[in-house]
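These numbers were taken from a predicted model, which means no experiment stands behind them. Numbers here are sequence positions counted from 1. Hydrogens, waters and symmetry mates play no part in the numbers below; they use all other heavy atoms, side chains included.
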Amino acid sequence: MKRFFILLMRGLLLRCPVCGQGKLFCGIYKMNEHCPVCRFKFEREEGYYTSSMAINLVVSELIAAAIVLPLAAIPSIPVLPVLLIGGPFALLLPLLLFRPSRGLWLAMDHYLNPTSGNDLPDESPLLQRSRGIRNEK
C-alpha cells in the first residue's frame, strides 16, 4: 500500500514514476519524452495516453455535471444562464486537468505494470547503478 501512495503522490506532483525526481512536463502542455534524471521513456507504446484522456474526460464531465445539473433542476432558472455557466466548465476543465490526468495515468500504470530493467535505456543512471557501474565525473 505504501508503494501505491508513493506512486500516487509522484503522479499528482507530475514527477517520474520510476525515480520520483524528473519532471514529466517541459512546457504547459508539452511532455518530456524521457525522464531528465533516469532517462525512462514515458510513452511505453503508441497510444499509451489514451487512458489518461479517458480519465480527463470522465472527471471533467462529472465535475461539470455536478455543477450544472442542480441548476438545471430548478425550474425558476432560465436555460440560457445554465448553459452560460456550464459551457465554460465543459471547455476549460479538460484543459486544466490535462497534466494531472497524465501524471495519474503514469502512476496507475506503474503500480499495475512495474518497470523492469528492460524498460530503462542502457545510459540510465538507475540501471547503471543497479549493475554496479559508477559514473564518476
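The ring of His110 has its center no closer than 6.0 angstrom to the ring center of Phe42.
Residue Tyr49 is grouped with residue Ile28 when hydrophobic side chains (ILVMFWY) are merged at heavy-atom distances under 4.5 angstrom, including chains of intermediate members. When the side chains of ILVMFWY residues are joined at heavy-atom separations under 4.5 Å, either directly or via intervening members, Leu93 and Leu84 end up in two distinct hydrophobic clusters. Cluster membership check: Met1 does not share its hydrophobic cluster with Met108, using side-chain heavy-atom separations under 4.5 Å among Ile, Leu, Val, Met, Phe, Trp and Tyr. Phe89 and Val59 fall within a single hydrophobic cluster, where Ile, Leu, Val, Met, Phe, Trp and Tyr are joined by side-chain heavy atoms under 4.5 Å apart, directly or via other members. Two different hydrophobic clusters hold Ile6 and Leu8 under the rule that ILVMFWY side chains link at heavy-atom gaps under 4.5 Å.
Across all non-hydrogen atoms, the minimal contact from Asn56 to Pro94 is ND2-O, 3.0 Å. Of all heavy-atom pairs between Leu7 and Pro17, the closest is CD2-O, 3.4 Å. In plain terms, the two heavy atoms of Gly22 and Cys35 that are nearest each other are CA-SG, 3.6 Å. Of all heavy-atom pairs spanning Asn32 and Cys26, the tightest one is OD1-CB, 3.1 Å. For Ser101 against Ile55, the heavy-atom pair with the smallest separation is CB-CG2, 4.2 Å.
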- prompt: Given Met31 and Leu106, is the side chain to side chain contact (heavy atoms under 4.5 Å, CB included) satisfied, shown in steps?
  reply: CA-CA 12 Å; Met31 192 165 179; Leu106 271 169; 3.6 Å; yes
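By the ring-ring contact (aromatic ring centres under 6.0 Å, His included) test, Phe4 pairs with Tyr111, sequence neighbours left out. The side-chain contact (heavy atoms from CB on, under 4.5 Å) test applied to Leu13 returns Met9, Arg15, not counting sequence neighbours.
Inter-residue side-chain proximity for Val18 and Arg10 is flagged as unmet; no heavy-atom pair is nearer than 4.5 Å.
Pairs engaging residues 8-30 under the ring pair (Phe, Tyr, Trp, His ring centres under 6.0 Å) rule: Tyr29-Phe98 [sequence neighbours left out]. Pairs of residues two or more places apart, or lying in two chains, never qualify as ring pair (Phe, Tyr, Trp, His ring centres under 6.0 Å) while including a residue from residues 58-77. Sequence neighbours left out, the pairs with a member in residues 96-113 that pass salt bridge (charged side-chain N to carboxylate O under 4.0 Å, His left out) are Arg44-Asp109.
Put simply, OG on Ser52 and CG on Leu104 are 9.5 Å apart, with the number rounded to the nearest 0.5 Å.
Of the possible donor and acceptor atoms, one in the side chain of Trp105 sits under 3.5 Å from a partner among the backbone N and O of Tyr48.
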May I have the list of side-chain donor-acceptor pairs in residues 61-76 shorter than 3.5 Å, sequence neighbours left out?
none

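Partner of Val79 under the side chain to side chain contact (heavy atoms under 4.5 Å, CB included) criterion, chosen from Ile77, Leu83, Val82: Leu83.
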